[in-house]
2 protein chains.
Amino acid sequence: MAKKKTAASANKRTPRRSVLSDEIYEMIKTMIFDHEIAPGSRVNIDALSAQLEVSQTPVREALARLESDGLIAKEPLKGYKATELLSIKQLNDLFQFRLLIEPWAAEQAAKLIDNTGKTALKAEMQSAKTALKFAGENQFQALSEHDSRFHTLVSSISGNQTVADFYDRTHCHLHLFRLYMANKLHRIDGESRADFVQDLFEQYYQSGSGQLAIKEHEAIAKAILDQNAKAAKAAMHTHIESSLKRFSPAALAANK
Amino acid sequence: MAKKKTAASANKRTPRRSVLSDEIYEMIKTMIFDHEIAPGSRVNIDALSAQLEVSQTPVREALARLESDGLIAKEPLKGYKATELLSIKQLNDLFQFRLLIEPWAAEQAAKLIDNTGKTALKAEMQSAKTALKFAGENQFQALSEHDSRFHTLVSSISGNQTVADFYDRTHCHLHLFRLYMANKLHRIDGESRADFVQDLFEQYYQSGSGQLAIKEHEAIAKAILDQNAKAAKAAMHTHIESSLKRFSPAALAANK
DNA sequence: ACTTCGAAAATACTATACGAAATAGTATTC
DNA sequence: GAATACTATTTCGTATAGTATTTTCGAAGT
């Protein structure tokens, strides 16, 4: 609902700096992220464009891109629908893929990092800590975003653009977040979405998973900053395996 | 020009089994591969939809998807343009990426292959040989397509869908790069595009690169069929490194 | 000659309305 | 009760108009 206003005002008043189509793309992504568009549910272009208060044209473009991203599936002449949540197998496949890529990326990052990279990495770790302290009710969101930025950063420091691009394309954080959300939505009926996020974070936080993830990130960051390639590689490997373990119960629950 | 007719007839006469938007997507992709849309050149939606004799809507959707594929880039409010070709660095990055993924995929394939997979793999190797013998002037095309199918097949036998998907995304860039080589290395003006491809094949073929690649494929296939995981992994690693070496001189020439 | 400015043209982007074709759902017939 | 026919809904594509932004290009000022 808040989104409608944003779209309308951005459209009518302010001189646009970007293109509506891109905004719509981001908005729909967010809606999928928040389960406002539930996994597996149909996406009616008419309804969506009405809700967002834009015409069909930008919605169509956005959906076409989301389809390439694997977040939306198109059935010809039947319409678009949000993709289902990751199955256990898909989750394992995804993490196996990451295990092939990211430890190598961390290793390279440790070898090739320069001062700019070091500054960026330190800044990211710092901001993660402060975000966790002050984000209040949005701490889980903050954590998730930090995680995404961290892995993107390491990939980019590795110097291999292909690797960096391909990490982005996995949409890891989005899939994992959806998984957790679904898990939570399953348990508590009738609550508002904001409350779900809050609850979700609390569970995640109180289980110590958040701190663990940050700790592991710190180990990776330290190794990279020390330019200890072997340690960086090992730390990233450990981190991804731990991360998979933390997410697996959610996947189990989501898949009933 | 031949394409126009296809589009029009598919649109007007026959009952459609797929969606126009998808056809347009394939057509534009073909146009990029054929250098009908040159790398780096701008893509005028009006002109393109006129040329293909369809409205803008399906063209926009196709371009949005091609953008996700990395074949087209969008600059907000300025329009779409075909992406530039791979630089030497990007080519190296891409092959480094493949070195991380595909040897593992081959290893897994050797471990997990079943009878269906064995049949498919044998059939592919067989068809590669016959295609090379009898394809005549389309031998380069045949070889290129076999290469694509072979690597796709191994990825899919590996059982990891994420890995298979990501291989697919890399391949179009390699394909494009090969055709680009053709164009650059044989810069003969006034010749038709088909002639370029033909010329490329001849050089490639006469240099023995084609046979080499097939030989390496056979080594990989044998190891997988023998379910010798280690050998399969090693053979794939060797193959990709050799493949890069075969590409590199052309890449150097192409980038002046 | 070189920049700087500004109008005109070209182009990108969005909105809207309509229509054809396929799917989905419902009723009718046998 | 099953197959068929009809209706409704929805998707997909077309056409067109209007707005916003970039680009072009020429004139004025330095």
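Here is how names work: the chains are called A, B, and so on, in the same order as the sequence lines, proteins then strands, and each is numbered from 1.
- When the C1' atom of D:dT10 is taken as reference, atom CD1 of A:I45 falls 10 Å away, rounded to whole Å.
- Between B:P58 and B:R42, it is B:P58 whose nearest contact on DNA chain D lies nearer the 5' terminus.
- When heavy atoms are screened at a 4.0 angstrom cut-off, B:D46 is found touching no nucleic acid atom at all.
- In this structure, A:E23 places its CD atom 9 Å from P of C:dT14, rounding to the nearest Å.
- Of all nucleotides listed (C:dC13, D:dC12, C:dT14), C:dT14 comes nearest to the side chain of A:T57.
- Which of C:dA12, D:dT14, C:dA15 sits closest to the side chain of B:N44 comes down to C:dA12.
- Straight-line distance from the CD atom of B:Q56 to the C1' atom of C:dA15: 13 Å, rounded to whole Å.
- Of the candidate nucleotides D:dG13, D:dT10, C:dT14, D:dG13 has the atom lying nearest to any side-chain atom of B:V19.
- B:D46 and B:Q56 share a donor-acceptor pair across their side chains, judged by distance under 3.5 Å alone.
- Close to C:dA15, at under 4.0 Å from its OP1 or OP2, lies a side-chain N or O of A:S55.
- Shown are B:T83, B:D69, B:V43, B:I37; of these, the side chain to side chain contact (heavy atoms under 4.5 Å, CB included) with B:I32 is made only by B:I37.
- Classification of B:K74 and B:E67 as a salt-bridged pair fails, no side-chain N sitting under 4.0 Å from a carboxylate O.
- Neither OP1 nor OP2 of C:dA12 sits under 4.0 Å from any side-chain N or O of B:K74.
- Rounded to whole Å, atom C1' of D:dC12 lies 15 Å from atom CD of A:E61.
- Between B:K118 and B:D114 no salt bridge is recorded (no basic side-chain N to carboxylate O distance below 4.0 Å).
- Among D:dC12, D:dG13, C:dT16, the nucleotide with an atom closest to any side-chain atom of B:L20 is D:dG13.
- The distance between atom NZ of A:K81 and atom C1' of D:dT10, rounded to the nearest whole Å, is 16 Å.
- Rounded to a whole Å, the CG atom of B:D22 is 16 Å from the P atom of D:dT11.
- Rounded to an integer number of Å, the gap from B:E53 CD to D:dG13 P is 16 Å.
- With salt bridges taken as basic N to acidic carboxylate O contacts below 4.0 Å, one links A:R65 and A:D22.
- Distance, A:L63 CG to D:dG13 C1': 16 Å, rounded to whole Å.
- Taking every side-chain heavy atom of B:K78 into account, D:dT23 is the closest of C:dA15, D:dT14, D:dT23.
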